[in-house]
Amino acid sequence: MARFYVTTPIYYVNDVPHLGHAYTTVVADTLARWHRLRGDDVRMLTGTDEHGQKIEEAAQAKGMDPRAFVDAASEVFERTFAKQPNDLLTEPDDFIRTTSPRHVAVVQDLWRRCAAAGWIYEGEYEGLYCVGCEAYYTEKELEAAPPGSTEGPSCPIHKKPVSKVREPSYFFKLSAFQDRLLAFYDKFPGFISPDSRRNEVISFVKGGLQDLSVSRTSFKWGIPVPDQAAGSKHQHVMYVWFDALANYLSALGDPAKPDASPTLGGAPLAKYWPADLHLVGKDILRFHTIYWPAFLMAAGFTDEQLPKKVFVHGWLTINGQKMSKSLRNAVEPRKLSQTFGADVVRFYLLREVALGQDGDFSHAQLVARYNAELADNLGNLLNRTLGLCTKLRSGATTLAADPGRGPLEEKLEEAARIALAGAAAGFEEVAPHRAIDSLWALARAANKYVDESAPWAEAKKGEAGAARVDAILATALEVLRWLSVLIWPVMPTVSDKLRAQLGLAALAAPSGHEGADQTVLSFVRTWDASKLSLGTPIFPKIDAERQEQIFAALGVAKAEPEAAPAKGAGAKGKEPKKKEVAEPAAEITFEEFTRLDLRVGKVVSAERVPKSDKLLKLQVDLGEPAPRQIIAGLGKSFAPEAMVGQLVTVVANLKPAKLMGLESRGMVLAASGESEADLVLVQPLRERALGARVK
Ligand code: MSP
């Protein structure tokens, strides 16, 4: 029996679960389910990352003791992703918390092993730190502050100025691992996926590695560095990434119990170590592919005992916008699954974006895919097949595929085998979008098969056509049965519903009734017609009116300024309300219009103007030698962090003016709404060169 240990990153508890977290967890759960279906011995792990400066500051901001703060926040993640039942149907086998004693014990042990082997030394760290990333940066990795700004350079991910840190620290001799890491990447080319990420890491490591500060003394919320001299002036807590990465080990065993221990203490490897797959977002690539293997190497792990694969996925934007706190409302996992159903959300997350690439979560696209691929393809296949069984063979007790089989059935059976191979390869190669592609190709082929084989025409032949009708219906049912098994990793409750209508028991992997391999059963199966039951459609179509209601309830229209044209049935729901259109202003000539210099710009920084709830101070890059300062009345509609990175349309030749004592050189266009808190940016639909003319 093969073994499969898959992990998600552990989530920082200063945030609430959002779509980004849901994304990785759903991918991990789907792959775990696939392996369970195959009969593998699977372990899926998720959990929370609860130490460090960021969390300490978040607790302080709420006036809470960090312990009480993390307990409450971790519970929300556990409820969302781990407890049963939950909103996304994810079923991890374990939920690890970095504040749990079982974790602390393993991390301290890992530290001791690295220290005993001589890889940790004491010194003083002086440099730059981004609390948002909990990461050290060098000057050249940062984004320069706009000219004239009093702020220092910013973190490329959080776009906020980094802090200068100077404190006593323990260092990990990362520099000594450069060659061994490169040799390891060479020996195990599958360790980092996709290849573009692997190349990125290799060239970074080739550029030289600096020793890493692995302890902090300027705050307390962390795991104490073990074996510090009692009463020494500086008490060190571990750098949060040294602590966090070890979760993948600590969840597997307690070093105090040698039999369960993962290599620590020289004990036998725990059952599931090394991890088969760490799923991570692109922002945490280096931690997992450089620091993590180096820590393990330092602790005495052999190359064969290191994790097998780190798969790096991209980031999702929401309706074309960078995810920000103000946008999260519409994409909170709970709301999404209450609105569309957890299976549909899972399907969409896996289907829309090729895993590894950046992508967009768009509500309109979700509805379009739902209608086209779930309602019109899979749903239609189920409804029409069962409908035909009732209509053409009511009263039949059995539907036998033999002896009426012919070339069309053979062709479909071949398509089913290709789909099975494609699904298996997709799930196993961490490409769930490809697996779904294969399965939906099969559903399409089966719909086409029903059209071509035309059982209604055969039925008109009376007795002479009866065997043929049976063969067609049994074959279509068999494809549905295959699909009910193969979609289970993606849509578990849809699988149950589909099977119930086919008169089959729900799958219950891992002890399951049917594994994926057993789906390669005979296409000459005889169906018990009395057990078939055409129930309510699993995927009722979402029409324009329903879409409008859904979007209104989610507040999507407001969060979707650029509103990509919805495909299919959805398009109408997005039309603006006519009643808001004001009287047109006095006419101008074309010549007058051309006097307006409208340009595409990008907001590089944003902050509130003190003492104003309406004004934001923006630095906008218009492709000119330096960004421009624009004071914009957008503060009631947008948090400053939601503006950073946005493409905007700017009136570039507006006479400079002073607002609350600050110079403003231009105006950012926004469409008005119900109030000043309901403005929507006027943005180009796709990336444009900065400074591009709008006319
Ligand atoms: N605590 C660290 C991970 C430690 S693992 C030993 C952390 N936590 S996080 O909560 O900030 O991020 C967790 C994961 O969510 C990361 O993989 C990150 O890439 C992912 N996402 C956060 N926002 C995202 C999107 N908008 N889109 C897709 N995934 C994103 O980093």
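Below, all heavy atoms of this structure are taken into account, side chains as well, without hydrogens, waters or symmetry copies. Just follow the structure's listing: the first ligand is 1, and inside any ligand the first atom is 1. Nothing fancy with the numbering, it's 1 onward along the sequence.
When ring centroids are compared, Phe242 and Phe172 stay outside the 6.0 Å threshold. Aromatic rings from His35 and Phe427 are positioned such that their centres are separated by 6.0 Å or more. Residues Trp34 and Phe4 place their aromatic rings such that the two centres sit no closer than 6.0 Å.
Atom 19 (O) of ligand 1 has Asp283 OD1, 2.5 Å as its closest protein atom, hydrogens excluded (heavy atom only). Ranking the protein heavy atoms by distance from atom 20 (C) of ligand 1 puts Gly20 O, 4.2 Å first. Atom 13 (C) of ligand 1 has as its closest protein heavy atom Tyr11 CD2, 3.5 Å. Summary of contacts: the protein heavy atom closest to atom 16 (C) of ligand 1 is Ile284 CD1, 3.8 Å. Nearest protein heavy-atom contact of atom 27 (N) of ligand 1 is Leu316 N, 2.9 Å.
Checked against a 3.5 angstrom limit, the closest N/O atoms of Asp49 and ligand 1 fall inside it. Looking at ligand 1, you'll find an N or O of Gly281 within less than 3.5 Å of one of its N or O atoms. Taking only nitrogen or oxygen atoms, main chain and side chain alike, His288 does not reach within less than 3.5 Å of ligand 1. Here's the thing with Tyr12: one of its N/O atoms is less than 3.5 angstrom from an N/O atom of ligand 1. Considering backbone and side-chain N/O of His21, one or more are found under 3.5 Å from N/O of ligand 1. The shortest N or O to N or O distance between Thr24 and ligand 1 is not below 3.5 Å.
Heavy-atom contacts from other residues, nucleotides or ligands closer than 6.0 Å to NZ of Lys309 number more than 12. More than 12 non-hydrogen atoms from other residues, nucleotides or ligands lie less than 6.0 angstrom from NZ of Lys83. Annotation: Arg112, atom CZ; neighbour count of heavy atoms from other residues, nucleotides and ligands within 6.0 Å is above 12.
With a 4.0 Å cut-off on non-hydrogen atoms, Asn247 touches ligand 1 through its side chain and not its backbone.
Residue Lys322 places no heavy atom under 4.0 Å from ligand 1. Using a 4.0 Å heavy-atom cutoff, Gly314 is listed among the residues neighbouring ligand 1. Proximity of Ile10 to ligand 1 is established by a heavy-atom distance of less than 4.0 Å. Distances from ligand 1 to the non-hydrogen atoms of Tyr248 include at least one value under 4.0 Å.
Salt bridge absent: Lys602 and Asp621 never bring a charged side-chain N and a carboxylate O closer than 4.0 Å. A salt bridge does not link Lys220 with Glu56: none of the charged nitrogens is closer than 4.0 Å to a carboxylate oxygen. Salt bridge Asp303/Arg180: present, at least one basic N to carboxylate O contact under 4.0 Å. A salt bridge is defined here as a Lys NZ or Arg NE, NH1 or NH2 lying under 4.0 Å from an Asp or Glu carboxylate O, and Asp87 with Lys335 fails to meet this definition.
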Working for side-chain hydrogen bond (donor to acceptor under 3.5 Å, both in side chains), residues Thr24 and His313: CA-CA 8 Å; Thr24 331; His313 66 73; 3.2 Å; yes
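Taking every heavy atom of Ala244 and a limit of under 4.0 angstrom, the matching atoms of ligand 1 come to 6 (C). Using a 4.0 Å cut-off to heavy atoms of His313, the atoms of ligand 1 that qualify are 28 (C), 29 (N). Atom numbering of ligand 1 starts at 1 in the shown order; those under 4.0 Å from a heavy atom of His18 are 22 (C), 23 (N).
A side-chain hydrogen bond (donor to acceptor under 3.5 Å, both in side chains) with His103 is found for one member of Asn247, Thr98, Asp243 and no other, namely Asp243.
In this comparison of Trp241, Phe361, Trp315, Trp292, the heavy atom closest to atom 25 (C) of ligand 1 sits on Trp315.
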